[in-house]
Amino acid sequence: MDFPFFNGQLITYGFFLLFATVAIASALLVVSVKNIMHSALFLALFLLSVAAMFFIFDADFLGIVQILLYIGGVIVLILFAVMLTSRVSSQLIQQTNEQKFLAIIVCIFLFGMLSYVIFTSGLKGFERPLVEGGITRNVGQLLMTVYVLPFEVASLVLLAALIGAMVIVGKKDE
Amino acid sequence: MVNEYLAVFIFLVIALGFTVAGLVTAFLVRNSNPNAEKESTYECGEEPVGGAWIQFNMRYYLFAILFVIFDVEIIFLYPWAVVFKDLGLFAFVEMVLFLGILVLGLAYCWKKGHLRWE
């Protein structure tokens with residue numbers, strides 16, 4: 001029964017490799033395509049493949065957050081920001097990558113730093129989280145019992161963000 | 001866990017395959033005879049006016065921000081909805097309080113006239 005090539009872990013690895021490849025390819029396209037609108041759409045694809053990786057590693061709540069907030073919210077804001085800039089109508093928005101070499105150096109350093117942190121932190125890959133009934137259920141349970149106060153304070157933070165945004169953006173209606 | 005989301009993955013593959021197959025079939029079957037009129041942008045049968053890439057009205061951004069704020073709120077609703085039945089009235093009151101505070105913000109925007117489109 002314990003056939004090494006047909007157990008779930010290998011399939012999980014396969015799916016991880018698939019989505020990791022999509023993520024890296026789309027991330028490279030984000031910074032290399034000329035049209036800034038296409039960049040934003042490839043960013044959505046990148047975020048979606050990261051969400052898929054969250055699902056693969058049992059972090060389904062994070063996956064939902066990734067899809068709802070990053071793809072639903074952040075991409076909408078980025079697309080709006082692109083559409084609202086005045087230069088969009090004259091088609092002048094083109095990705096130029098003027099600081100290419102500096103960016104590559106920074107990326108290499110960031111990669112080295114993150115690798116160092118990950119490999120020295122003692123994290124073990126492919127370990128099932130020790131929660132029963134799924135992460136979302138546990139998050140909900142804790143949010144409603146132990147962390148009630150932070151939960152309610154979060155709504156106050158959102159209220160502040162809402163009113164702050166309205167005051168800044170909707171100025172002329174005073 | 002892979003099994004639970006296998007159906008989602010199959011849907012993804014079918015959706016991608018359907019799109020690609022449709023485009024490829026259309027590419028193989030159609031004949032190509034372009035002229036200037038055919039290649040112009042379709043705008044409900046009218047002559048197109050200007051480009052499609054125009055600068056949007058700033059007011060749209062306000063609604064985008066509103067959407068993002070309520071999007072964050074939905075993140076809190078989602079784990080609540082999973083455990084809501086087990087925790088009963090207490091969780092319900094908590095969520096009413098949470099939503100009540102946010103409705104206050106929406107009421108403020110409404111009162112200040114930010115939601116009105118002029």
Side-chain angles (χ1 to χ4, degrees), chain A residues 8 11-12 15 37 52 55-58 60-61 63-65 68-69 72-74 76-77 79-81 83-91 93 128 133-145 148 151-152 154-163 165-170 173-174, chain B residues 1-6 8-9 12 50-84 86-88 90-92 94-95 97-106 108-109 112-116 118:
Chain A
I11 298 169
T12 311
F15 274 112
M37 206 61 141
F55 282 116
I56 287 169
F57 294 122
D58 277 339
D60 35 351
F61 184 65
I64 295 286
V65 170
L68 265 178
L69 273 191
V74 173
V76 163
L77 278 187
L79 284 178
F80 264 100
M83 295 306 281
L84 285 168
T85 47
S86 53
R87 292 202 297 176
V88 84
S89 46
S90 49
Q91 301 269 342
I93 294 194
R128 286 287 138 83
I135 285 177
T136 313
R137 178 167 286 272
N138 279 46
V139 168
Q141 200 89 42
L142 287 172
L143 211 56
M144 288 297 134
T145 52
V148 180
F151 170 70
E152 297 297 347
S155 76
L156 283 176
V157 173
L158 284 174
L159 180 69
L162 184 64
I163 292 175
M166 287 307 112
V167 168
I168 292 168
V169 180
D173 278 294
E174 293 301 315
Chain B
M1 107 101 246
V2 169
N3 295 331
E4 291 167 43
Y5 291 103
L6 201 61
V8 181
F9 183 73
L12 188 73
W53 282 39
I54 52 156
Q55 187 186 354
F56 272 57
N57 193 329
M58 197 60 200
R59 296 202 62 93
Y60 283 110
Y61 199 65
L62 205 132
F63 289 91
I65 286 177
L66 267 180
F67 162 71
V68 169
I69 286 166
F70 284 98
D71 209 30
V72 176
E73 179 212 318
I74 286 172
I75 290 298
F76 287 98
L77 266 167
Y78 173 64
W80 170 79
V82 176
V83 294
F84 161 65
D86 307 336
L87 294 173
F90 183 59
F92 180 72
E94 272 174 48
M95 192 41 89
L97 205 65
F98 182 87
L99 290 180
I101 291 170
L102 276 164
V103 166
L104 215 65
L106 193 63
Y108 171 82
C109 296
K112 281 273 178 183
H114 290 319
L115 298 180
R116 209 178 303 124
E118 279 136 28

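Order of the sequence lines sets the chain letters (A, B, ...), proteins ahead of strands, with each chain counted from 1. As a basis for the values below, the full set of heavy atoms in this structure was taken, side chains included, without hydrogen atoms, waters or symmetry mates.
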Considering only heavy atoms and a distance below 4.5 Å, find which of [options] pairs most often with chain A.
options: B/Asp86, B/Leu104, B/Ile69, B/Leu12; value: B/Ile69
options: B/Phe9, B/Phe70, B/Trp80; value: B/Phe9
options: B/Asp71, B/Val72, B/Leu99, B/Val68; value: B/Asp71

What pair of heavy atoms forms the shortest contact from [X] to [Y], and how long is it?
X: A/Gly140; Y: B/Val83; value: C-CG2, 3.6 Å
X: A/Leu162; Y: B/Cys109; value: CG-SG, 4.3 Å
X: A/Ser155; Y: B/Ile101; value: OG-CD1, 3.2 Å

**OP:** Name the option with the most non-hydrogen atom pairs under 4.5 Å to chain B; the candidates are A/Leu158, A/Val139, A/Val65.
**Re:** A/Leu158
So what's closer than 4.5 Å to chain A heavy atoms on [X]: side chain, backbone, both or neither?
X: B/Leu87; value: side chain
X: B/Phe67; value: side chain
X: B/Phe84; value: neither

Subject >> Those residues that, when tested against A/Ile163, pass side chain to side chain contact (heavy atoms under 4.5 Å, CB included) (two or more places apart) >> reply: A/Leu159, A/Val167, B/Tyr108
Original post:
Which residues pass the side chain to side chain contact (heavy atoms under 4.5 Å, CB included) test with A/Ile64, sequence neighbours left out?
Top reply: A/Phe55, A/Leu68, B/Tyr78
Original post:
chain B heavy atoms under 4.5 Å from A/Val76: which part of the residue, side chain, backbone, both or neither?
Top reply: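 Looking at A/Val76, just its side chain touches chain B.
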**OP:** Under 4.5 Å heavy-atom distance to chain B, tell me which part of A/Leu142 shows up: side chain, backbone, both or neither.
**Re:** neither
Original post:
So, do A/Met166 and B/Leu66 sit near enough that their side-chain heavy atoms are less than 4.5 Å apart?
Top reply: yes
Subject >> Full working for side chain to side chain contact (heavy atoms under 4.5 Å, CB included) between B/Ile65 and A/Leu77 >> reply: CA-CA 7 Å; B/Ile65 286 177; A/Leu77 278 187; 4.3 Å; yes
Working to the nearest 0.5 Å, report the span between [atom1] of [X] and [atom2] of [Y].
X: A/Phe151; Y: B/Leu97; atom1: CZ; atom2: CG; answer: 9.0 Å
X: B/Phe98; Y: A/Leu156; atom1: CZ; atom2: CG; answer: 9.5 Å
X: B/Phe76; Y: A/Met144; atom1: CZ; atom2: CE; answer: 9.5 Å

